[in-house]
Amino acid sequence: MRHDGKEPGPGPGEGRAPVAQLPAQHVYSAFTPPTGIPVVSLSKETPWPDRMRTMLRMPVTERPAPEQPSGRADAGAPVPRVLDLTLRIGELLLAGGEGAEDVEAAMLGVAHAYGLARAEPQVTFTLLGISYQPSLVDPPVTANRTVRRRGTDYTRLAAVFRLVDSITTAALTLEDAYGRLAEIRRNRHPYSGWLITASGGLLAGAASVLVGGGSPAVFLIAALAAMLGDRLAWLCSGRGLPEFYQFVVAAMPAAAMGVVVDRFGHLLPGTSNLQASAVITGGLFALIPGRALVAAVQDGLTGFYITASARLLEVMYLFTGIVSGVTLVLYAGVSLGANLDPDRALRPYENPPVQLVAAMVLSLAFAVLLQCERGVLPLATLNGGVAWTVYGVLHQKAFVGMSAVAATVIAAGLVGLFGQLLSRYRYASALPYVTAAIGPLLPGSATYFGLLGLTQGHLSAGFASLTKAAALALAVAIGVNLGGEIARLFLKVPAAGRVAAGPEPARRRAAKRTRGF
């Protein structure tokens, strides 16, 4: 008995009913904030990546419950089947080069559409996982899938995005979703292997013109070298060699052609002063892993540090393969008397209209290499031309003294901005519109000069050029990501932090309706 006449309340753990025995309306009352949990607007008119990204960034206990369409045939679908479909869709997206956050958003969207309110997707570089817990007292159901094969096919990536959009916005049954997914996996690539090889040659030839090699002979030699390197890489891939060695072999023909042009180019009829450096640089443009670099930086900026580190390590290995192949051939060529002088190597911006056309052709060829849909090719080509024009104006004309890195960031930012706008307009991935358009901005010439300096023993100049190449590559990746974030910032997105207006009881009811657990 207390001195104030009041009966003491039960101590911690004494005289309280277990949580499972409490009435339903009081089980979770202790977890509701005094002002209620903010109401989240997840309008179906908003693109599903924005809706799902908003939910991903919320605690699981505050996510809204799924809204099942009335009369849906697959209501109460088996949880293992839903998790399997979710993992298969995430596998195709991650293998196609999509960023980790967008993969998680797609997986959450699929699980949420089929009624799994408390699903938690997890994405790393090669492992996909998802966990679903029906309630606090039920054990979670988990599943995972390993991504063992990666391939670049943006047509398939676009088809997967359309499938996810259909799942999240329409009453697409589980079996229908499985059928469409199987059809996507069975579809052949839109372009044949020889067309891909020819596109690689066209890319290298356009890049050689872009960096100042204006002669038709340089264009043809660079294209031939790139096509030979592509066929050798295909041969190595068929024999099961790792991708590192494929890049080593693919880089050798361009360097070898450059050495041959330097030694015997004057013997060709009707040609004079052929630029061997333009031939080598054009071949490097077709090999620089810009797609993987953009994905790595995007994952790092969005907080997926493990995946970003793995992607950057992949980029480093591929770049090391390019360095190894080119350096071996250049060293042999210099030993045989080749006079590869960087001081007379490249003469950029001698003919801006021709180089603008070359930049657009380069973007078109890059889009074909990435297996983009035919309707995407004109838009990617135009985006690449805009990027090169902005870079040329800022770096050479309007602002004398603006560094190449700053101009690259601005040009790549416009690429990311336009790519994000186009992706929202078409409810598709931004990668097909962005990756090909950054082709003209990749640091091919800086990479070549760095390798040449190391080969000739000029270590300071070589490392300085390689550092500049790395800075330009990071500028491209950061600019693309920044442009996409600016687009999301100024376009309509779900209101994640807005509390519904109205009296307190209305807010409390909304809080209970949207609470996760």
Side-chain angles (χ1 to χ4, degrees), residues 97-99 152 154 203 206-207 210-211 281-282 284-302 308 311-316 318-319 322-323 348 355-356 358-360 362-367 369-370 372 380-396 402-420 422-423 429-450 465-487:
E98 194 62 70
T152 303
Y154 282 177
L203 189 155
L210 191 67
V211 297
T281 302
L284 291 179
F285 264 86
L287 297 175
I288 294 176
R291 174 181 60 89
L293 180 64
V294 170
V297 174
Q298 179 180 357
D299 287 343
L301 294 177
T302 52
R311 289 187 191 270
L312 286 175
L313 188 62
E314 179 191 33
V315 171
M316 186 189 72
L318 298 181
F319 190 77
I322 298 172
V323 169
Q355 291 180 319
L356 175 60
M360 297 179 70
L362 190 155
S363 298
L364 174 63
F366 203 176
L369 283 175
L370 296 171
C372 293
T381 302
L382 180 62
N383 204 5
V386 171
W388 178 255
T389 301
V390 172
Y391 172 79
V393 169
L394 293 180
H395 185 49
Q396 292 292 325
M402 174 175 278
S403 67
V405 174
T408 300
V409 169
I410 296 175
L414 287 178
V415 168
L417 177 62
F418 294 156
Q420 190 62 228
L422 289 172
S423 70
S429 172
L431 289 180
Y433 306 101
V434 169
T435 308
I438 64 172
L441 303 177
L442 294 177
S445 57
T447 302
Y448 164 69
F449 289 143
S465 293
L466 290 179
T467 302
K468 179 182 178 181
L472 291 174
L474 289 176
V476 170
I478 294 174
V480 167
N481 182 266
L482 180 61
E485 292 299 327
I486 290 175

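Throughout, residue positions are numbered sequentially from 1 according to the sequence presented.
The closest side-chain heavy-atom distance from W388 to L362 is not below 4.5 Å.
Between S363 and G384, the closest heavy-atom pair is OG-CA, 3.3 Å. Pairing each heavy atom of Y154 with each of L431, the nearest pair is CE1-O, 3.7 Å. Scanning all heavy atoms of the two residues, the minimum distance from I322 to L287 falls at CD1-O, 3.4 Å. Taking all atoms of both residues into account, the shortest heavy-atom contact from V409 to A475 is CG2-CB, 3.5 Å. Nearest approach of P440 to F285, heavy atoms of both residues: O-CE2, 4.2 Å. Between G97 and R311, the closest heavy-atom pair is O-NH1, 4.5 Å.
In this structure a side-chain-to-backbone donor-acceptor pair under 3.5 Å is missing from T435 to P432.
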Throw together a table of side-chain donor-acceptor distances under 3.5 angstrom for residues 410-419, partners on residues two or more places apart or in other chains.
none

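I288 CD1 to L441 CG: the interatomic distance, rounded to the nearest 0.5 Å, is 11.5 Å. One distance of note links OG1 of T408 with CG of L472; it measures 5.0 Å at 0.5 Å rounding. Taking CG of L382 as the start and CG of L364 as the end, the distance is 12.0 Å to the nearest 0.5 Å. Distance check, rounded to the nearest 0.5 Å: CD1 of I478 to CG of L301 gives 6.5 Å. For the atom pair CD of Q420 and CG of N481, the computed distance is 9.5 Å after rounding to the nearest 0.5 Å.
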